[in-house]
Amino acid sequence: MSLNVRNLEVTYVLNKFTNVYAINNISFDLEPGDVIGIIGETGSGKTTIANAIMRALPESAIVNGSILLDNLDLLKMNYKEFRKKIAWEKISIIPQYSMNSLNPIKRVGVQLVRILQEHEDISNEDAINKILDLFKQVNLSEDILFKYPDELSGGQKQRVVIVSALLLNPELVIADEPTTALDVINQARVINLLKEKVINQNRIVIYITHDIAVVAGLANKIMTLYGGKIMEIGDIKEIFKEPLNPYTKGLLASVPDIENGKPKAISYIPGDPINQTIKPKGCPFYSRCSLAMDVCKESFPEGVKIGNRIVYCHAVSKK
Ligand SMILES: Nc1ncnc2c1ncn2[C@@H]1O[C@H](COP(=O)(O)OP(=O)(O)OP(=O)(O)O)[C@@H](O)[C@H]1O
């Protein structure tokens, strides 16, 4: 299964006079086996991409472009059909605030069995065995099945949601900051589970995070996003070794280097994030970029393919 995002635009309508231009005409392709890390500072549009793919945007969002899953345009599907045929079974999401995504008035086991039985002809016993097998892998005990979400800790709830996203072996898993509420040991468990159930099975993972170190250990591709635009996308090794877009450079330089146990001084990208209520004409990073030229203010560059990556930057394409 492949995912092809074409000219995706997402605009949130705040009121008659104000829009937020969250995603501004982006395209990218993912093939089976791809694990892509999406990184970018807060507000860059990471969660909006995830929710657009999952058809989980609020009604205030206007979406244009196409999201093709093996040539099937998810944005054109009837919503009910999407929920029945695509959600959970083909694509699942571990949402950013996953702890709040469980139904508070149903026991955990009932919710999980229901997900399985809505999509598969499976007995209660087999469903429970399947759930318990995943529970073991994320260190959840059997008694959690009988509890209500509010009786669980934040970390336990998050692991239940992760289990729910993996139950039907979807071909694409979107993980939006999946390990935020977890301690390091449980983080490692969840990452191992993702590796075993999704990554090693030639499926696609979209992993959204602020933790670049985690992405480095999981992904084969990386996307840097700024102001709803892709700045650079492609092979993670090539980009980490030599980032070419100035924003990617700044983002990677701001990661503490823990090699030899000695954190390096944390650098940061000077300037403020852009005002996303103004429709961008040129490169959104223009006002903060040390290589900015006049043309950057006027137009967003075409992508340039260098090795196994695409860079969007006038300064790079001019070279
Ligand atoms: N429901 C909404 N209504 C209006 N604006 C929104 C809504 N959701 C997101 N936005 C705006 O869209 C832009 C992109 O937000 P998004 O949550 O996708 O960014 P993000 O990169 O995931 O940020 P974070 O790292 O903080 O999760 C931001 O300017 C945000 O304020």
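Counting starts at 1 for both ligands and their atoms, following the listed order.
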| message | Under the criterion side chain to side chain donor-acceptor pair (under 3.5 Å), I'd like the reasoning laid out for Ser299 against His314: C-alpha separation, chi angles, the key distance, then a yes or no. | response | CA-CA 9 Å; Ser299 71; His314 284 298; 3.3 Å; yes
Test side chain to side chain contact (heavy atoms under 4.5 Å, CB included) on Ile233 and Arg309 and set out the steps.
-> CA-CA 6 Å; Ile233 181 169; Arg309 77 176 89 187; over 6 Å; no
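Here Leu14 has side-chain heavy atoms under 4.0 Å from ligand 1, and that is the only part of it that gets that close. Looking at Val20 against ligand 1, only its side chain comes within 4.0 Å, counting heavy atoms. Under 4.0 angstrom from ligand 1, the non-hydrogen atoms of Ser44 come from both its backbone and its side chain. Using a 4.0 Å cut-off between heavy atoms, Gln96 contacts ligand 1 through its side chain alone, with no backbone atom that close. In Gln276, the part holding a heavy atom less than 4.0 Å from any atom of ligand 1 is the side chain.
Applying the side chain to side chain donor-acceptor pair (under 3.5 Å) test to Glu238 and every residue at least two apart in sequence or in another chain returns Asn308. Evaluation of the side chain to side chain donor-acceptor pair (under 3.5 Å) rule for Arg107 yields no partner, not counting sequence neighbours.
Ion pairing of Lys130 with Asp126 is absent here, as no side-chain N (NZ or NE/NH1/NH2) approaches a carboxylate O to less than 4.0 Å. Ion pairing between a basic and an acidic side chain is recognised when a charged N comes within 4.0 Å of a carboxylate O; Glu118 and Arg114 show such pairing.
Residue-ligand proximity, Pro58 to ligand 1, at heavy-atom distances under 4.0 Å covers atoms 1 (N). Less than 4.0 angstrom separates some heavy atom of Ala22 from each of these atoms of ligand 1: 12 (O), 13 (C).
In this pair, Tyr247 and Phe285 present their aromatic rings perpendicular. The plane angle is above 60°, beyond the 30 to 60° band.
The shortest N or O to N or O distance between Ser60 and ligand 1 is not below 3.5 Å.
Scanning all protein heavy atoms for the shortest distance to atom 19 (O) of ligand 1 gives Gly45 N, 3.3 Å. Taking atom 17 (O) of ligand 1 as the reference point, the nearest protein heavy-atom neighbour is Thr47 CB, 3.8 Å. Counting protein heavy atoms only, atom 25 (O) of ligand 1 is closest to Lys46 NZ, 2.7 Å. In this structure, the protein non-hydrogen atom closest to atom 26 (O) of ligand 1 is Thr42 OG1, 2.5 Å. Counting only heavy atoms of the protein, atom 2 (C) of ligand 1 lies nearest to Tyr12 CD2, 3.5 Å. Protein heavy atom at the shortest distance from atom 14 (C) of ligand 1 is Gly43 O, 3.4 Å.
Judged by a 6.0 Å distance limit and a 45° cone about the ring axis, Lys281 is not positioned over the six-membered ring of Phe300.
With hydrogens and angles left out, the side-chain atoms of Thr48 and Tyr12 include a donor and acceptor closer than 3.5 Å.
Evaluated for a side chain to side chain contact (heavy atoms under 4.5 Å, CB included) with Asp73, the options Asn71, Leu75, Leu69 yield exactly one hit, Leu75.
The heavy atom nearest to atom 16 (P) of ligand 1, out of those in Ile274, Asn51, Ile49, Thr48, is found in Thr48.
Not a single heavy atom of Gly40 sits closer than 4.0 Å to an atom of ligand 1. Contact annotation: His210 has at least one heavy atom less than 4.0 Å from an atom of ligand 1.
Under the 4.0 angstrom criterion, atom 30 (C) of ligand 1 counts as lacking any protein heavy-atom contact. Protein heavy atoms are found inside the 4.0 Å sphere centred on atom 8 (N) of ligand 1.
Other residues, nucleotides and ligands place more than 12 heavy atoms under 6.0 Å from the CG atom of Asn15.
Side-chain contact between Val35 and Arg203 is absent, with no heavy atoms from C-beta onward closer than 4.5 Å.
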